[in-house]
Amino acid sequence: MENPEVLSDLDVAARQQRAATTAKSVMKKLPEVTLAFWIMKIAATTLGETAGDLFAQTLKLGYFLTTIALFLLFVVTLVVQLRSRRYNPFFYWTVILSTSMAGTTMSDFMNRDASAKYLSSGSTSLGWGPQGLGLGYPTGAAILISVLVVIFAVWKLTGMTFVIRDIVTFRGEALFWSAILVSNTLGTSMGDFLSDSSGLGYAGGAALVTGVLLVLVALMRVPVVPNVLLFWIAFVLTRPLGATAGDFLTKPVAKGGLDLGTAGSSAVLLAVLLAVLVGLTGYAHIQERRNPAPSAALPPEAGEYDGATERAD
C-alpha cells in the first residue's frame, strides 16, 4: 500500500512545479533570441543612430535638448513595457528603439563639444544649452564600460539569471533595461570611434564589427564559452554596427558615406522595422492562440517571485 504522506509530498511538489510553470508563462515578457531578433536589433540600432542625428543635427535641436527629450521618451516606453503582463513585440522593440535613439545623443553629448569638426559648415553652435562635455570617445567609452560592469555586478549579486528568456520579475527586467540603455550608449561611442577616429571609415568600421560578430557565432560551438556571455558581447557590438551603418548611410560621399540624409534613411529604416514588427506581432498572436496561458487560478504564492526563483544555473 502506498504511503499517503509520500503521495502528499509528491502532490505538493507537482502542484508547485505546475504553478511555477504557469506563472512563468504568464509573466514572460522578453523575446526568444532568434535570427529575427538580431535582424530587428540591428535595424533598430541603425534607425536609432539616424533618428538621433536627425533631431540633434539636421533639425538643429542640439545634443542637450534632444537627449532630454529622447530620455523622457525612453522612460514612457519603458513604463508601458514594465506594466505589460506578457511579451508584446511592439512594446519591446519600441523600448529598444528609444534606448538606441537616446543612447545616440547621450553618447554624442558626452563625447563631443562645439568644435568645428562636430558642426555643420558655417555653424558656431548646435541648439540650446551646453554643446557637449567634450570627453572624447575613449574617455566616454571607459566611463560607460565602468557603468555597465557595475550594473552586471549588481545583477550577479541579486542571483537572478542573465538569460533573457527566463527573466520574469520586475527587478530582473529593470536590470535588463538598465543594461540595454548603457550598452546602446556605449555602442554609439564605439561606433563613432571606429568611424571617425580609427581611420577605418564607416564601411571599414562596420566590416570590423561584422567580423567580430561572426567570430562570436563560431564560439557558440565551443563548450567552454558560456552562450550567455557571447549573447551580451554580441548585444553590445550590434550597436556600433548600427552606428557605423547609420553613418555610412547618412554622411557625405566626401567623408565615405552614401549621403542619403538622416530623414530619408530614417524613413526607410522605420518602414523596414515596422514591416518586420507587424510580422512578429502577428506571429506572437498566432502562437498565443495555439498555446493559451492556463486559465486556472494560481495559488497565492504562485505569482510571487524572489531572487531565488530565477537563479542562474
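All residue numbers refer to positions in the sequence shown, counting from 1.
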*asked:* Under 3.5 Å, is there a donor on one side chain and an acceptor on the other for T99 and N184?
replied: yes

_Any donor-acceptor N or O pair under 3.5 Å, side chains S107, S189_ = yes

Does any part of the side chain of [Y], heavy atoms only, come nearer than 4.5 Å to the side chain of [X], both counted from C-beta?
X	Y	value
W93	L273	no
M160	V168	no
F109	T105	no
L181	L78	no
P240	T188	no
T94	V80	no
M190	V209	no
D192	N111	no

Taking every non-hydrogen atom, the tightest pair across [X] and [Y]:
X	Y	answer
D108	Q57	OD2-NE2, 4.3 Å
M110	L133	O-CB, 3.5 Å
M101	L70	O-CD1, 3.4 Å

Hey, quick one: are [X] and [Y] part of the same hydrophobic cluster, counting side-chain heavy atoms closer than 4.5 Å, chains of contacts allowed?
X	Y	value
I233	V224	yes
V217	L213	no
V76	I180	no
M220	I164	yes
L214	L241	no

About how many Å separate [atom2] of [Y] and [atom1] of [X], when rounded to the nearest 0.5 Å?
X	Y	atom1	atom2	result
T139	L144	OG1	CG	11.0 Å
T161	W155	OG1	CH2	8.0 Å
N227	R221	CG	CZ	10.5 Å
S266	L249	OG	CG	9.5 Å
L61	T66	CG	OG1	4.5 Å
F162	F231	CZ	CZ	12.0 Å

Does the [X] side chain pair with the main chain of [Y], one donor and one acceptor, at a distance under 3.5 Å?
X	Y	answer
S265	T262	no
T104	G48	yes
T238	I42	no

*Mind running side-chain contact (heavy atoms from CB on, under 4.5 Å) on L186 and R239 for me, showing each step along the way?*
CA-CA 8 Å; L186 170 62; R239 185 62 185 96; over 6 Å; no

Parallel, tilted or perpendicular: which describes the rings of [X] and [Y], with under 30° parallel and over 60° perpendicular?
X	Y	value
W232	F152	perpendicular
F37	F235	tilted
Y137	F193	perpendicular

*asked:* Test side-chain contact (heavy atoms from CB on, under 4.5 Å) on I96 and W177; report intermediate values, then the result.
replied: CA-CA 9 Å; I96 290 290; W177 287 115; 3.7 Å; yes

*T185 vs V147, side-chain contact (heavy atoms from CB on, under 4.5 Å): CA-CA, chis, key distance, verdict*: CA-CA 11 Å; T185 308; V147 174; over 6 Å; no

_side-chain contact (heavy atoms from CB on, under 4.5 Å) between E49 and D53, worked out_ = CA-CA 6 Å; E49 178 73 16; D53 288 346; 3.5 Å; yes

